[in-house]
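Let me begin by presenting the structure, written as structure tokens, before commenting on it.
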Amino acid sequence: MGRGRRGPAATVPGKMPKSVLTPQAEDYPRWYQEVVAKAEMAENGPVRGTMVVRPYGYAIWERMQAELDARIKAAGARNAYFPLFIPESYLKREAEHVEGFSPELAVVTHGGGKELEEPIVVRPTSETVINAYFSKWLQSYRELPLLLNQWCNVVRWELRPRLFLRTTEFLWQEGHTCHATSEDARACCLHILHDVYESFMVEQLAVPVLTGRKTDAEKFAGADASYTCEGMMGDGKALQMGTSHLLGQNFARVFDTMFLNEEGEREYAWQTSWGVSTRLVGALIMAHGDDSGLRVPPNIAPVQVVVLAVRDEGGAGEAAASVARQLADRGVRVELDSRTDTSFGRRVIDWELKGVPLRVEVGPRDVAAGEATLARRDDGTKQSVPLAALVERAQSLLADIQSGLLDEARRRLDSRLVDVSSVEEAIEASQSGFARMEWDDADEAALNAAGVSVRCLVRADGTVPDPEERSELRAVVGRAY
RNA sequence: CGGGGCGUAGCGCAGCCUGGUAGCGCACCACCUUUGGGAGGUGGCGGUCGUGGGUUCAAAUCCCACCGCCCCGACCA
């Protein structure tokens, strides 16, 4: 936490502030920082730009990993692991790649107390090392396509870090593939974009995204084309949530990644690479969070239901434990909160901060009536439910909450995405959301001067353009994280 | 790197201008009363005042240098 900054708790000495967090409308970035801190997601590490991910934040990441990993494997990829350290010479082989990454590289010059003969780079991404091994392993078209994925950390030196959104070290998944034809590589790249990333974001994170192609200015260094999933955050700004790149034969050429084709000729492999990172946690926070804290969609929530024993009287403690057990038996991710030495209100607020989708309150009054109280985190409504019907009701409410959060996010995206016909209108529209316009009219220099950028390019029908496609395209512009 | 701000207890801050016993709120510990939307009382623990130097009988306070952090601008998942 920074010095010279105040949480709302500091404004009135001796008194609790009215609200737990700075309201979003008052100061969105501050709201974000406070949620991350108070929901115990993460904090800054000792080295600038590094991040300590706390158990609750990491639990969310683990849920994301589990869902993504299943989809990645279903797409045909296998997991592997490549080293953190990469010879600097590898990076230098692909001219555009080094040029793009050199400003943000961490370079190791000493090891074992001696200066190294060749500097070692801490991986900013692994195309180069992985290609060094692809070239060794790959022999025949019969081995294609070859799809590998790795879960790891990477380092890109950042000047202005923000927890989860932009840190010097972050966790991610990077997929790397080799294909026999350009068409097959393209199909894979888009399959990952839509059927792994977009589907995960919509179904699990309940965040609708726009998919499109990056402009040359924003594409991956060394790629022929980059495709992106762009989400709209609560303040109308865009967040790049995932990217899938078509590498062509660029890396294959410099690393000699070749195979023998059906005609018996040696040919360079056609490649893709793709990744999503812990930035997704930031996306989750900003896509659904409200003035009371996080709102985590049930599908991704590490805790879907918290059962609160209001106090340990009238059998409430036992009843709460029993409810929690029943929910767990039905496969619900549930946590029992029986800390009755802490006040009820405090505990409610803490669980709201953490965004647990559904809260079950069990107190003496509920027990006497044979009921429990269910409180939804998404809309704040409460209802009493007979204990016998509780598990069923909880499960149906979780489903409602999941779809409700998606609908809400979709309405925001739809209502704040407007079609415009000039740079001036685009800048105006970007103050509250996205603008869509003819790409030919989108003067990037003029937009950038106003703090706005082209997030992605799409066709008139909304589908993603081919790598070389340039005419009749629409540009989606907005402010970006 | 350019501009602005800030370093005092775990967190948020006051004290500095006008040198002289280091304070407040929250958190934490103990006990009692509490518990259906941030509980109250009483007692307690906790600080090399960012670092180094200088001025002075005396420095959190004045002077110099350095370091760090935060915010705003040029790059990125």
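Below, chains carry the letters A, B, ... as their sequence lines are ordered, and counting in each starts from 1.
Taken to the nearest 0.5 Å, the CZ atom of A:Phe251 stands 9.5 Å off from the NE2 atom of A:His245.
Checking B:G38, B:G37, B:C69 against the side-chain heavy atoms of A:Lys38 singles out B:G38 as nearest. For A:Arg48, counting side-chain heavy atoms from C-beta on, the closest listed nucleotide (B:A77, B:G36, B:C69) is B:C69. Across B:U35, B:G38, B:C69, the shortest atom-to-atom separation from the side chain of A:Val20 is found for B:G38. The side chain of A:Asp350 approaches B:G38 more closely than any other nucleotide in the set B:C69, B:G38, B:A77. Residue A:Gln240 has its side chain nearest to B:A77 when only B:C70, B:G38, B:A77 are considered. When distances are taken from the side chain of A:Arg166 to each of B:A74, B:C76, B:G38, the shortest belongs to B:C76. Nearest nucleotide to the side chain of A:Gln33, out of B:A77, B:C71, B:G36: B:C71. Closest to the side chain of A:Ser343, out of B:C70, B:A77, B:G38, is B:G38.
The C1' atoms of B:A74 and B:C16 are separated by 37 Å, rounded to the nearest whole Å. Nucleotides B:G25 and B:G15, compared at atom C1', are 15 Å apart to the nearest Å. Spacing between B:G2 and B:A9 at atom C1', rounded to whole Å, works out to 36 Å. For the C1' atoms, the distance from B:A60 to B:G23 is 12 Å, rounded to whole Å. Rounded to whole Å, the separation between the C1' atoms of B:U18 and B:U34 comes to 48 Å. Comparing B:G54 with B:C13, their C1' atoms sit 30 Å apart, to the nearest whole Å. Comparing the C1' positions of B:A59 and B:G19 gives a spacing of 6 Å, expressed to the nearest Å. Comparing B:A58 with B:G20, their P atoms are spaced 14 Å from each other, to the whole Å.
Among the heavy atoms of the strands, none lies under 4.0 Å from A:Ser226. In this structure, A:Thr125 reaches neither bases nor backbone, as no heavy-atom distance under 4.0 Å exists between it and the strands shown. Residue contacts shown for A:Asp366 include a base, since a base heavy atom lies under 4.0 Å away. Using a 4.0 Å heavy-atom cutoff across all strands shown, A:Thr342 reaches at least one base atom of the nucleic acid. Across all strands, A:Tyr197 comes closer than 4.0 Å to no nucleic acid atom at all (heavy-atom distances). Across all strands, A:Pro364 comes closer than 4.0 Å to base atoms (heavy-atom distances). Using a 4.0 Å heavy-atom criterion, one finds that A:Leu280 contacts no nucleic acid atom at all. Here A:Lys219 lies out of heavy-atom contact (under 4.0 Å) with every strand. Looking at heavy-atom distances under 4.0 Å, A:Leu165 makes contact with a base. Using a 4.0 Å heavy-atom distance criterion, A:Arg359 is classed as a base contact. Within the 4.0 angstrom heavy-atom criterion, base atoms lie near A:Gly363. Counting any heavy atom pair closer than 4.0 Å across all strands shown, A:Thr243 reaches sugar-phosphate atoms only and no base atom.
Stacking of A:Arg162 on the aromatic ring of A:Tyr32 is recorded, both the 6.0 Å distance cut-off and the 45° axial limit being met. Geometric assessment of A:Lys354 against the ring of A:Tyr56 yields a positive cation-pi assignment under the 6.0 Å and 45° thresholds.
At B:U35, none of the side-chain N or O atoms of A:Arg346 fall inside 4.0 Å of OP1 or OP2 (strictly under the cut-off). For A:Arg311, no side-chain nitrogen or oxygen approaches OP1 or OP2 of B:U34 to under 4.0 Å. Dashed line: the shortest gap from a side-chain N or O of A:Arg30 to OP1 or OP2 of B:C70 is not under 4.0 Å.
Pair check for B:C66 finds B:G50; Watson-Crick or G-U wobble, both atom distances under 3.5 Å. With a cut-off of 3.5 Å on both Watson-Crick or G-U wobble distances, the partner of B:A60 is given as none. Nucleotide B:C45: unpaired (no Watson-Crick or G-U wobble partner with both distances less than 3.5 Å). Using N1 to N3 plus N6-O4 or O6-N4 for Watson-Crick, or N1-O2 and O6-N3 for G-U wobble, each under 3.5 Å, B:C11 pairs with B:G25. Across all strands shown, B:A39 pairs with B:U33; the Watson-Crick or G-U wobble distances both stay below 3.5 Å. Pairing partner, B:C17: none, since no Watson-Crick or wobble contact has both distances short of 3.5 Å. Under the Watson-Crick and G-U wobble criteria, each requiring two contacts below 3.5 Å, nucleotide B:A77 is left unpaired. In this structure B:G2 sits in a base pair with B:C72, meeting the Watson-Crick or G-U test at under 3.5 Å.
Two residues, A:Arg156 and A:Gly49, neighbour RNA chain B, and the one matched to the more 5' nucleotide by heavy-atom proximity is A:Gly49. Between A:Glu352 and A:Phe170, it is A:Glu352 whose nearest contact on RNA chain B lies nearer the 5' terminus.
Remark: A:Asp466 engages A:Arg186 in a salt bridge, criterion side-chain N to carboxylate O under 4.0 Å. With respect to A:Asp69 and A:Lys73, a salt bridge is recorded, a charged nitrogen being found less than 4.0 Å from a carboxylate O.
For A:Arg160 and B:G3, the CZ to P distance is 17 Å, given to the nearest whole Å. The CD-P distance, from A:Glu43 to B:G12, rounds to 11 Å in whole Å. The nearest whole Å value for the distance from the CD atom in A:Glu361 to the P atom in B:G37 is 8 Å. Atom P of nucleotide B:C71 and atom CG of A:Leu163 are separated by 10 Å, given to the nearest angstrom. Nucleotide B:C11 holds its P atom 13 Å from the CZ atom of A:Arg54, rounded to whole Å. Look at NZ on A:Lys354: it is 14 Å from C1' on B:G38, rounded to the nearest Å. Nucleotide B:C76 holds its C1' atom 11 Å from the NE2 atom of A:His245, rounded to whole Å. At whole-Å resolution of the value, CH2 in A:Trp157 and C1' in B:A77 are 17 Å apart.
Between the side chains of A:Thr50 and A:Glu169, no donor-acceptor pair of N or O atoms lies under 3.5 Å. No side-chain N or O of A:Gln271 forms a donor-acceptor pair with one of A:Thr177 less than 3.5 Å apart. Using modelled atom types and a 3.5 Å distance limit, the side chains of A:Glu99 and A:His97 yield no donor-acceptor pair. Using a 3.5 Å distance cut-off with no hydrogens or angles, the side chains of A:Ser292 and A:Glu352 do not pair a donor with an acceptor. There is no side-chain donor-acceptor pair under 3.5 Å between A:Glu174 and A:Asn149.
Below the 3.5 angstrom threshold, one finds a donor paired with an acceptor across the side chain of A:Lys382 and the base of B:G37. For B:G36, the base has no donor-acceptor partner in the side chain of A:Arg347 [N/O atoms by modelled type, under 3.5 angstrom].
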